[in-house]
Each structure stands twice: as structure tokens, then as C-alpha cells.
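To keep things clear, I will list the structure first and then write my remarks on it.
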Amino acid sequence: MTSNRRVVLLAGDGIGPEVAGEALRVVDWLDRRRSVGFDLSEAQVGGAAYDATGHPLPDSTLEAARAADAVLLGAVGGPRWDSLDFSLRPERAILGLRKSLDLFANLRPAKVFDALSDASSLKADVLRGLDLMIIRELTGGIYFGEPRGVETLPDGTRRGVNTEVYTTPEIRRVGAVAFELARERQGKVHSVEKANVMESGGLWREEIQTLRDADYADVDLHHMYADNCAMQLVRDPHQFDVVVTSNLFGDLLSDISAQLTGSLGMLPSASLGAPGPGGTRAALYEPVHGSAPDIAGEGKANPIAMVLSLAMLLRHSLDQDEDAELIEQAVGNVLDRGLRTADILQPGFTAVSTEDMGRAICAELDRLAA
Ligand code: IPM
Ligand code: MG
């Protein structure tokens, strides 16, 4: 038996608590049936935390996240909090967690399950068997660069500023994550920037190439402009294995890659810090979808992205690859049997609720582990 691992669950807002409930169902299954033991606690984040404490990321939540082996997050945000000052918006909690825990590498896999290859708005033959990984730099770039802000000019008009900035170490550490991962996959990396118009993009390209030549000569490296990458992702996504890019371009490109899989409701993510002594690293796992306030509380949300985020947690933070694969297999089998939440429902399939989907995944886990 391995000792219990500390996981903090931050359910958050909107559909966050609903999908978190289904992840908990799977955690409970793992607790009963597998060797990994969870020491799971919950804390508040986002709008819910703001309502309770006046801040979207209370110190107690940040402390709990710091002390944990991994954080599992549902979603934050909603129209109720949209008029708050920028510094108090629920989204600041996610950005605060990323920055405070130095989670610089965001892994966003886009894998098309066979059963869903015709669920996307794109043609099935373009998508069948697709398995790519976007690695988004997560603690730098224009999201955090200084100067930033809005100022009023002498003539009364206003000026808004954000700054794209990257340094050598920031580029190299996320590049290394991409090259390492490519070695375990198909050995191919596309580095994406706008070196044709941005100095920071030119630096990005040079540093990634230097890193590859020095330490990863066995990996096949391609450079691509971000606008072309957006187009290539919908034209011929099979050309990609690992894509590494900046914070802002990664935000955009990962939404595109999400749609390739049929629904944003299918996509998990991992945000990782640097490996520390003993190989542990700070890590946060969350579905790529947001809080979807329009369907919150209706049992319509797809819990698969959240359940697959738990699988990523098992793989990347707890070294439980076998359990991760079991969960991914169970999700695939449930989809093969035709069960669909509203976001991926097509004629001829069985519509199920959030809870039904969670229960079906656990029933399938029972079968697989029997
Ligand atoms: C994402 C989201 C976030 C981002 C928001 C909610 C702050 O879009 O994780 O992709 O822009 O990074
Ligand atoms: Mg986004």
C-alpha cells in the first residue's frame, strides 16, 4: 500500500461543483478498489470564495494548495461576479494559483475517442485517431507582463497596455517539458510564435532551437507562426504531436484543439511546476471548459473532462499510470456504449445526466477491474 496522498479539491462555481462530484465518485472508487489512498480535503475558490470571504483566492485556500501533492479544480466564474473589480474577479483565483505555485507548464491533450470522431463540427476522417498535446506556457507572457493597465491621457482619451515578455529561462524550462514529453510520444515538437512580427517571438524561436540542438537533438523540431498553426490545426491536425507555445497563443490554440475532440467537455489539463528534490512538483489539474453558468445546476454538464483531469493527476503527480489508463479506458468504453451528455449528444445515442455519466464510468471501472 502506498501512503495517502494529499489532494485538495477546489470545486468553484457554475458546473464546477457538479463535475467535481463525479470526480469524487471516481476518487471514492479508487479508494475502495485500488492501492492509492487519497487524503482529500476541499477548499473554496472563485466566486464562491468571494461570496464567503471577500476574496476569490483566500489565503487559507492558497496554503492548502501549497501543502498538497496536487490540486484538482472544477471551474470558476459567472455573470454574478462579472461587474467586480478586475482584482476580485473569480478568474484572478486561477491566475493567482498558477503564479503562486509557479505552474509554468500547462499540458492540454486533445485526444479523439473513436466513438466521438464524428461528434466534432469537422470531418471525421480529419480527426480519427487524433492525439496531440498542446503545452502552453502559463506563468509569463502577456498575462503577467509589465507594464500593464489603463491610463487616462491628457486629452481625456484612454490608453490600455499589456506587455508580452519572455526571458531565456522561462522559454527554456517550458521547452524542456515539451521535448521530454515528445520523447515519450512521437518525438516531434512544433514551437509556435509570431517571430515575423514580435521580438519576443524571435527570442522564443532562437531559444527553443538552441535548447533542442544542445540537449534534444533526437527530437524533430519545427517552427510555426501562430496564425498558420491555428489554420493547420483545423486543416490537418495529424501533423502535430507536441505543440509548445506562449501563454496567450496557447489559450487560443487549445480552444481550437478542444473543438477537434468534439466538445470542450472532454478536455482535461495539467499545470505543472518544476520538479523539486525527490521528484515532486506542484501541480494543478482542471478541465479546460469553464464554469458554463448557462447550464449550471441542471445536471447537463459533461463530467468527462474533470474525470480525465483526475486521470492526469494520477499519472503526473501520483505515478499511478495504471489507474490513469483504467479511467481513460472506462471513459472510452462508456462512450462506445453510446452514453452521451448533452454537449456530445447526437441522434441515435442515449442522453444521460452528469451523475448518470459518473455512475456509468464507475460501473465500467468495476467491470474492468473485476
Ligand atoms: C483557460 C481560461 C483562463 C485563461 C481564464 C479563465 C483566466 O481561458 O484556462 O484557458 O485565459 O487562461
Ligand atoms: Mg482559455
Side-chain angles (χ1 to χ4, degrees), residues 10-16 19-20 45-50 55-57 61-62 65 71-110 132-145 148 162-164 166 170 174 192 226 229-230 233 243-261 263-273 282-294 296 301-302 305-306 308-309 312-313 343:
L10 309 176
D13 311 316
I15 61 170
V19 296
V45 76
Y50 173 79
H55 199 278
L57 182 58
T61 298
L62 190 54
V71 179
L72 188 59
L73 184 130
V76 301
R80 280 180 57 196
W81 304 285
D82 276 354
S83 53
L84 286 175
D85 183 74
F86 213 60
S87 64
L88 294 174
R89 297 268 293 260
E91 291 79 4
R92 299 310 297 177
I94 299 202
L95 299 173
L97 281 164
R98 289 173 182 169
K99 197 68 178 174
S100 306
L101 301 179
D102 200 18
L103 305 171
F104 65 89
N106 183 212
L107 279 49
R108 298 193 162 186
L132 65 85
M133 176 74 86
I134 297 199
I135 300 186
R136 167 187 179 193
E137 199 290 325
L138 204 58
T139 50
I142 203 162
Y143 271 56
F144 295 98
R148 64 185 299 156
N162 290 92
T163 305
E164 173 80 348
Y166 275 111
E170 284 178 307
V174 75
V192 171
C229 182
L233 274 171
V243 173
V244 63
T245 190
S246 65
N247 206 340
L248 182 62
F249 292 148
D251 183 42
L252 306 182
L253 296 174
S254 63
D255 264 29
I256 297 181
S257 69
Q259 179 56 25
L260 303 176
T261 70
S263 167
L264 210 51
M266 298 295 301
L267 255 83
S269 77
S271 304
L272 308 176
L284 179 145
Y285 301 84
E286 59 177 319
V288 173
H289 63 67
S291 58
D294 51 320
N302 184 349
M306 186 70 177
L308 293 175
S309 297
M312 289 190 90
L313 185 158
D343 56 314

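Both counts, for ligands and for their atoms, begin at 1 and track the order of listing.
- Of the listed residues (Leu107, Leu272, Asn106), just one forms a side-chain contact (heavy atoms from CB on, under 4.5 Å) with Leu138, and that residue is Asn106.
- Not a single heavy atom of Glu286 sits less than 4.0 Å from an atom of ligand 1.
- Of the listed options Leu248, Asn247, Asp251, Asp251 places a heavy atom closest to atom 2 (C) of ligand 1.
- The ligand atoms of ligand 1 that sit less than 4.0 angstrom from a heavy atom of Arg108 are 1 (C), 9 (O), 10 (O).
- Ser254 contributes a side-chain N or O that, together with a main-chain N or O of Asp251, makes up a donor-acceptor pair within less than 3.5 Å.
- Residue contacts with ligand 1: Arg98 is included, with a non-hydrogen atom under 4.0 Å away.
- With hydrogens left out, the protein atom closest to atom 6 (C) of ligand 1 is Glu91 CG, 3.9 Å, a heavy atom.
- Per residue Asp251, closest N, O or S atom to the Mg ion (ligand 2): atom name OD1.
- In summary, the atoms of ligand 1 found under 4.0 Å from a heavy atom of Arg136, numbered by their order in the structure, are 1 (C), 4 (C), 9 (O), 10 (O), 11 (O), 12 (O).
- Look at His289 and you'll find every heavy atom at least 4.0 Å from all atoms of ligand 1.
- Protein heavy atom nearest atom 4 (C) of ligand 1, with residue, atom name and distance: Tyr143 OH, 3.4 Å.
- A donor-acceptor contact under 3.5 angstrom links the side chains of Thr139 and Glu137, judged on distance only.
- A donor-acceptor pair is defined here as one N or O able to donate and one able to accept, closer than 3.5 Å; such a pair exists between the side chain of Arg89 and the backbone of Asp82.
- Of the possible polar contacts, none joining the Asn162 side chain to the Arg148 backbone as a donor-acceptor pair under 3.5 Å is found.
- Remark: side-chain polar atoms of Asn247 are paired, donor with acceptor, to backbone N or O of Gly140 under 3.5 angstrom.
- Between the Ser291 side chain and the Gly77 main chain, a donor and an acceptor come within less than 3.5 Å of each other.
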